[in-house]
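Report on the following structure.
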Amino acid sequence: MVKRGCTPNSHVISLTSNAFSTFLQSIVMAQHRLSQYLNRSAQIFLTSASKMIRMEGANPVSRAPKVLFSFNSPEEVQGFATGCDGDIGGLSTTHLDLETSSKINESIGRTATGRFWGEMRLGVKPGMEGKIRSGYAGLRNKKRPTLFGNITEDVSMHAYLALRVRVGGDPKTRNSFFANIQTNGPMSSDLWQHRIYFQRHDNSWEDVYLPFENFVRTNSGELSENQIAMARDGIRSIGISILGGNSGISGHYELGIDSIRIVNEEDVIRTSPGEKLPPLEYHNVNQEP
């Protein structure tokens, strides 16, 4: 008896095709990460070599305003990690994506900006009562490895952390946002925090200036008794969080983010409520060459 060949099942072909597509996507992502890694390394090497040639090693850190992070493209948004109590048994949710509405972005001359949003909830999943702290969500920049170590920022010659943001969501959640900074200090678990105070509550853009000298030292979510000066010459990460659990606040939260910058008093842009913000003209130091 001659056995007839089997006709491939279309469902199996579909699964094989999907797996191959996923495999190709993973290769493309790996190549992109490698390209970013090499570009960052080359940028550091060229900058250091240029300073050596010009004998600039002893020059002070520049006081010029700088954009440390922008949120205007998928690649820039992907440079940030998010997390919330929902990851460990809570019920809060968090998202970071691109807002492409021209109605929202055209006033600051952007085609896209970041949107940090979700649901702030104070409860926990069954069986997690008394085991975790609920009511928080946040984002921070991911590590930026190079051949010479992770990139850090020196903000020792700048007075303010400047955020171009817009606040939306449930009004009761708007006083629960904080800016967070991690440094290369002796305690890796230290987190320096400053509450974000908004002047505009109509979902319009504003610049918020947070003095570095007013950040307070926290550890494991609690204010540290021993308050010391922040090591501002080695900033590892900068982020934003919402802490509803501290104040018993729940509801939908939303924060639009255009950029995170460092500036001095002479760079502060003073505007009145309802006044249009001027465009930012200085360069994002973390853009790929």
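This is a predicted model, so every value here is computed, not measured. Below, each value reflects all heavy atoms present in this structure, side chains not excepted, and no hydrogens, waters or symmetry copies.
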Next on the checklist: Just verifying a value: how many Å separate Asp85 CG and Ser92 OG, rounded to the nearest 0.5 Å?
Outcome noted: 3.5 Å
Next on the checklist: Go through it in stages, so that I can follow the logic: the residues are Glu76 and Phe71, the test is side chain to side chain contact (heavy atoms under 4.5 Å, CB included), and I'd like the CA-CA distance, side-chain angles, deciding distance and then a yes or no.
Outcome noted: CA-CA 5 Å; Glu76 290 172 336; Phe71 295 75; 5.6 Å; no
Item to check | Distance-minimising heavy-atom pair for Thr100 and Ala112 | outcome: CG2-CB, 4.2 Å
Checklist entry - Short question: side chain of Tyr136, backbone of Gly83 - any donor-acceptor pair under 3.5 Å? => result no
Checklist entry - Between Phe116 and Phe177, how do the two ring planes meet: parallel, tilted or perpendicular, split at 30° and 60°? => result perpendicular
Checklist entry - Is the backbone N or O of Ala64 less than 3.5 Å from a side-chain atom of His158, with the two atoms forming a donor-acceptor pair by type? => result yes
Checklist entry - Linking I/L/V/M/F/W/Y whenever any side-chain heavy atoms sit under 4.5 Å apart, do Val208 and Phe178 land together? => result no
Item to check | Chi angles and distances behind the side chain to side chain donor-acceptor pair (under 3.5 Å) call for Thr271, Arg200 | outcome: CA-CA 11 Å; Thr271 57; Arg200 304 184 181 188; 3.2 Å; yes
Item to check | side chain to side chain contact (heavy atoms under 4.5 Å, CB included) assessment of Gln182 paired with Leu191 | outcome: CA-CA 5 Å; Gln182 284 186 311; Leu191 189 68; 3.5 Å; yes
Checklist entry - Is a donor on one side and an acceptor on the other found under 3.5 Å between the side chain of Arg174 and the backbone of Gly169? => result yes
Next on the checklist: Any heavy-atom pair between the side chains of Trp205 and Ile104 that's under 4.5 Å?
Outcome noted: yes
Next on the checklist: Counting only heavy atoms not in Gln199 (residues, nucleotides, ligands), do more than 12 fall under 6.0 Å from its CD?
Outcome noted: no
Checklist outcome for this item: Note: Asp170 and Thr173 closest approach over all heavy atoms is O-OG1, 2.7 Å
Checklist entry - Taking atom types as modelled, is there a side-chain donor on Asn141 or Ser237 under 3.5 Å from an acceptor on the other? => result no
Checklist entry - Do side-chain atoms of Asp87 reach the backbone of Cys84 as a donor and acceptor pair under 3.5 angstrom? => result yes
Checklist entry - Between Thr113, Asn72, Asn105, which is the residue that forms a side chain to side chain donor-acceptor pair (under 3.5 Å) with Asp258? => result Asn72
Next on the checklist: Between Glu265 and Tyr160, is the side chain to side chain donor-acceptor pair (under 3.5 Å) condition met? List the steps.
Outcome noted: CA-CA 8 Å; Glu265 183 64 38; Tyr160 298 97; 2.6 Å; yes
Next on the checklist: Side chains of Ser224 and Asn219: any donor to acceptor distance under 3.5 Å?
Outcome noted: no
Item to check | Worked verdict on Asn180 versus Ser241 for side chain to side chain donor-acceptor pair (under 3.5 Å) | outcome: CA-CA 7 Å; Asn180 309 312; Ser241 61; 3.0 Å; yes
Checklist entry - How far apart are the C-alpha atoms of Arg217 and Met230, what are their side-chain angles, what is the distance that settles it, and do they pass the side chain to side chain contact (heavy atoms under 4.5 Å, CB included) test? => result CA-CA 8 Å; Arg217 181 189 182 204; Met230 183 195 305; over 6 Å; no
Item to check | Short side-chain donor-acceptor distance under 3.5 Å, Asp154 and Ser156 | outcome: yes
Checklist outcome for this item: Taking every heavy atom of Arg164 against every heavy atom of Pro278, the minimum-distance pair comes out as NH1-O, 2.8 Å
Checklist entry - For the side chain of Lys131 and the backbone of Gly89, is there at least one donor-acceptor N/O pair under 3.5 Å apart? => result no
Checklist entry - Taking C-beta and beyond as the side chain, do Leu223 and Val216 meet within less than 4.5 Å on heavy atoms? => result yes
Next on the checklist: Can you tell whether the side chains of Glu266 and Arg63 come within less than 4.0 Å, N to carboxylate O?
Outcome noted: yes
Checklist entry - Between CD of Glu254 and CD1 of Ile242, what distance do you get to the nearest 0.5 Å? => result 11.0 Å
Checklist entry - Is a side-chain donor or acceptor of Arg232 paired with a backbone partner of Val155 at a separation under 3.5 angstrom? => result yes
Item to check | From CA spacing to verdict: side chain to side chain contact (heavy atoms under 4.5 Å, CB included), Phe212, Ile181 | outcome: CA-CA 10 Å; Phe212 283 114; Ile181 294 177; 3.7 Å; yes
Checklist entry - Any side-chain heavy atom of Leu163 sitting closer than 4.5 Å to one from Arg261? => result no
Next on the checklist: One pair to check against side chain to side chain donor-acceptor pair (under 3.5 Å): Arg144 and Asn150. What are the steps and the verdict?
Outcome noted: CA-CA 5 Å; Arg144 294 166 289 167; Asn150 291 318; over 6 Å; no
Next on the checklist: Would you say Tyr253 and Ser176 are linked by a side-chain donor-acceptor pair, where the criterion is simply a distance under 3.5 Å?
Outcome noted: no
Item to check | Short side-chain to backbone donor-acceptor contact, Asn246 and Leu243, under 3.5 Å | outcome: no
Item to check | SB check Glu106 Lys276 (cutoff 4.0 Å) | outcome: no
